[in-house]
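Let me begin by presenting the structure, written as structure tokens, before commenting on it.
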Amino acid sequence: MAAFDPLTAVTDAFTSFVFGKTETTRMPVRTSTGQAQAVYLPTAAPGLGDSGVIIGREVYSGKGYIYDPFQLYGQQLPAPHWLVLGESGNGKSALEKTYVLRQLRFRDRQVVVLDAQGEDGVGEWNLIAEQMGITPIRLDPMAALDQGIRLNPLDPSITTTGQLALLRTIIEVAMGHGLDERAGFALKVAHSYVTETVTGRQPVLTDIVEQLRHPEPESAEAMNVALEDVRAWGLDVALVLDRLVDGDLRGMFDGPTTVGIDLDAPLIVFDLSHIDRNSIAMPILMAIVGVWLEHTWIRPDRRKRIFLVEEAWHIINSPFVAQLFQRLLKFGRRLGLSFVAVVHHLSDVVDGAAAKEAAAILKMASTRTIYAQKADEARATGQVLGLPRWAVEIIPTLSPGIAVWDVNGNVQVVKHLVTEAERPLVFTDRAMTESASPPAPLEDTVADEFEAETASRAAAMERLARADETVA
């Protein structure tokens, strides 16, 4: 504190008496926005780099938002897996489709889609597949009876260990509980006998069912039990597998794998739209397709692969299928696999029968994209995913096409941009907005349109700056 100076105090009092009280007034500053930007610096969260595919723009700063799990993997992203959440009609489907189309511009990318959504009698990815000259693998029990697509769980390209694991998963999903030791033993000896004795063709499920019904005496002798006991142990297993052979799922998995399925195509679409999504058939299909891909598609060839699953709660909500896909995620990370799970509500999985497995899969997803949700759902989602409070509060207010992106803790609000070339291919409400014009040929216009919009924004800012200078 400064010392009291009597002379200064007397001088100030005399000056105030003669001239009145004086105060220092700060003069106003007139300037332009172009000059003021150097004084009042705007702030924005750091981006994710400039290498990858364009998603859109960050809402608050207007800068471009680029995301690619393969480019970010390592220091910025511990795992390349991605979870997409949100109510229907807010842009999840458009985001997935444009993301895949833009990823396929890179020559070392390959994508598999499990398309569980139906539209106009086909899967919603049908237009994109047609545009790329690709025939979707349509799994349909009715079509399968007429020489349709088949995937064989006993395909020789799958290891014997993988085949047995797949058979167990199919049975456990259908039964709703794990196999006991006796049923597991009956399945193991039947599978072992079939793989050792069937030659000259692919073993099929009918062979397993027949062996379970009529086990070999050697199977009983090996365990020193009666033959009737082995038959009784395998009866429930045989009844479950019989559903794939002669039940409502017949024709899709009870024969050799269809010749001509191109696993080297850039895009592979499994059309599951003809399967009842609420039946036990869907998780069984997910299990079969998942293991089949694990042993036939994922290879150490330096290609970057994306496995996108619509209606992914069918996976995460089944303990046995979730465990299978959890292994696939761990295995695939070493071989360049990015798993994309699309879910409407997080409560569908975290409150389900596979809560433990769901938590493990969610933990592997280092990228989370959340579209608009109701307030209570947003709070629950934020709590599970550890979102900041400000993000949770704005989720219910988000407009279609805008989402909260959390990339390993880097949280931003992003507006997804769709080009005119992509628009006819990605929106799934054709029944409400049908037009007579066919989709335009897909062109590489994403970067061009984004650059054009950026240039337009820059020009508008320049005009505003000049107007400010004129006023000043």
Side-chain angles (χ1 to χ4, degrees), residues 93 96-97 100-101 103-104 109-158 162-163 166 169-170 202 204-205 244-245 248-277 279 281-299 303 305-312 314-315 321 324-325 328 332 337 339-342 425 428:
S93 181
E96 301 152 26
K97 291 172 182 175
V100 167
L101 289 170
Q103 280 283 3
L104 290 176
R109 302 291 197 265
Q110 192 180 30
V111 181
V112 162
V113 176
L114 298 192
D115 182 7
Q117 298 276 12
E119 184 180 23
D120 299 337
V122 295
E124 66 172 84
W125 285 77
N126 191 69
L127 269 179
I128 291 177
E130 285 183 350
Q131 193 73 6
M132 298 186 64
I134 293 167
T135 302
I137 301 172
R138 184 164 294 119
L139 294 173
D140 182 353
M142 299 306 295
L145 295 175
D146 188 24
Q147 302 300 315
I149 298 294
R150 281 183 171 86
L151 296 178
N152 185 12
L154 302 177
D155 193 309
S157 60
I158 303 176
Q163 292 175 13
L166 176 54
T169 300
I170 293 171
Q202 288 188 11
V204 293
L205 287 179
L244 301 180
V245 173
D248 54 345
L249 295 179
R250 65 190 184 280
M252 293 186 293
F253 308 106
D254 56 351
T257 298
T258 301
V259 177
I261 296 178
D262 185 8
L263 293 178
D264 292 322
L267 175 64
I268 305 169
V269 177
F270 287 89
D271 184 349
L272 312 180
S273 61
H274 286 255
I275 308 298
D276 183 359
R277 286 181 286 170
S279 73
M282 187 61 77
I284 290 176
L285 283 169
M286 294 287 189
I288 293 176
V289 171
V291 172
W292 192 76
L293 288 173
E294 176 184 352
H295 291 271
T296 60
W297 177 59
I298 302 176
R299 300 187 292 271
R303 294 190 79 173
R305 290 178 167 87
I306 299 170
F307 187 15
L308 190 150
V309 183
E310 300 266 14
E311 301 291 332
H314 292 292
I315 290 175
V321 182
L324 187 156
F325 272 77
L328 178 65
L337 174 69
F339 177 69
V340 183
V342 184
L425 299 175
T428 59

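- Side chains of Ile268 and Ile137 form a contact here, defined as non-hydrogen atoms less than 4.5 Å apart.
- Under the rule for a salt bridge (Lys or Arg N to Asp or Glu O under 4.0 Å), Asp115 has no partner lying at least two apart in sequence or in another chain.
- Considering CE of Met286 and CZ of Phe270, their distance stands at 11.5 Å, rounded to 0.5 Å.
- Pairs passing the salt bridge (Lys or Arg N to Asp or Glu O under 4.0 Å) check and including a residue from residues 289-298, sequence neighbours excluded, read Glu294-Arg327.
- Residues Pro156 and Gln202 are in side-chain contact: their nearest non-hydrogen atoms beyond the backbone lie under 4.5 Å apart.
- In this structure, CD1 in Ile284 is found 11.0 Å from OG1 in Thr169, a value given to the nearest 0.5 Å.
- With a 4.5 Å cut-off on side-chain heavy atoms, Gln163 and Val291 do not count as touching.
- Annotation for Asp271 and Pro136: closest pair CB-CB, 4.3 Å, computed over non-hydrogen atoms.
- Counting all heavy atoms, side chain and backbone alike, Ile306 lies closest to Trp297 at O-CH2, 3.7 Å.
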Practice task
Begin from the C-alpha positions of Ile149 and Met252 and carry the test side chain to side chain contact (heavy atoms under 4.5 Å, CB included) through to its verdict.
Solution key: CA-CA 6 Å; Ile149 298 294; Met252 293 186 293; over 6 Å; no
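- Heavy-atom minimum distance, Leu272 versus Ala116: CB-CA, 4.3 Å.
- When side chains are defined from C-beta on, Gln110 does not count as touching Leu267, because their heavy atoms never get closer than 4.5 Å.
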Exercise for the section: May I have the step-by-step check of side chain to side chain contact (heavy atoms under 4.5 Å, CB included) for Leu139 and His274, ending in yes or no? Expected result: CA-CA 7 Å; Leu139 294 173; His274 286 255; over 6 Å; no
Exercise for the section: Evaluate the side chain to side chain contact (heavy atoms under 4.5 Å, CB included) criterion for residues Leu308 and Phe339: first the C-alpha distance (whole Å), next the side-chain angles of each, then the deciding distance (0.1 Å), finally the verdict. Expected result: CA-CA 6 Å; Leu308 190 150; Phe339 177 69; over 6 Å; no
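- With sequence neighbours left out, Arg299 forms a side chain to side chain donor-acceptor pair (under 3.5 Å) with Asp264.
- To the nearest 0.5 Å, atom CG of residue Asn126 and atom OG1 of residue Thr135 are 9.0 Å apart.
- The nearest pair of heavy atoms linking Phe325 to Gly290 is CZ-CA, 4.0 Å.
- Taking CG from Leu263 and CD1 from Ile298, the interatomic distance works out to 11.0 Å, rounded to the nearest 0.5 Å.
- Side-chain atoms of Val100 and Trp125, non-hydrogen and from C-beta on, do get closer than 4.5 Å to each other.
- Under the 3.5 Å distance criterion, the side-chain polar atoms of Thr258 are matched with a main-chain donor or acceptor of Arg150.
- Within the 4.5 Å cutoff, no side-chain heavy atoms of Val112 are placed close to those of Arg305.
- The nearest pair of heavy atoms linking Ser273 to Gly123 is OG-N, 3.4 Å.
- At least one donor-acceptor pair closer than 3.5 Å links the side chain of Thr257 to the backbone N or O of Asn152.
- Here CG of Leu293 is found 8.0 Å from CG of Leu328. Values are rounded to the nearest 0.5 Å.
- Side-chain atoms of Leu166 and Trp292, non-hydrogen and from C-beta on, never get closer than 4.5 Å to each other.
- Note that CD of Glu124 is 12.5 Å distant from CG of Leu425, once rounded to the nearest 0.5 Å.
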Exercise for the section: Check step by step if side chain to side chain contact (heavy atoms under 4.5 Å, CB included) holds for Leu285 and Leu114. Expected result: CA-CA 10 Å; Leu285 283 169; Leu114 298 192; over 6 Å; no
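- Two residues are said to be in side-chain contact when any heavy atoms from C-beta on lie closer than 4.5 Å; Val204 and Asp254 fail this criterion.
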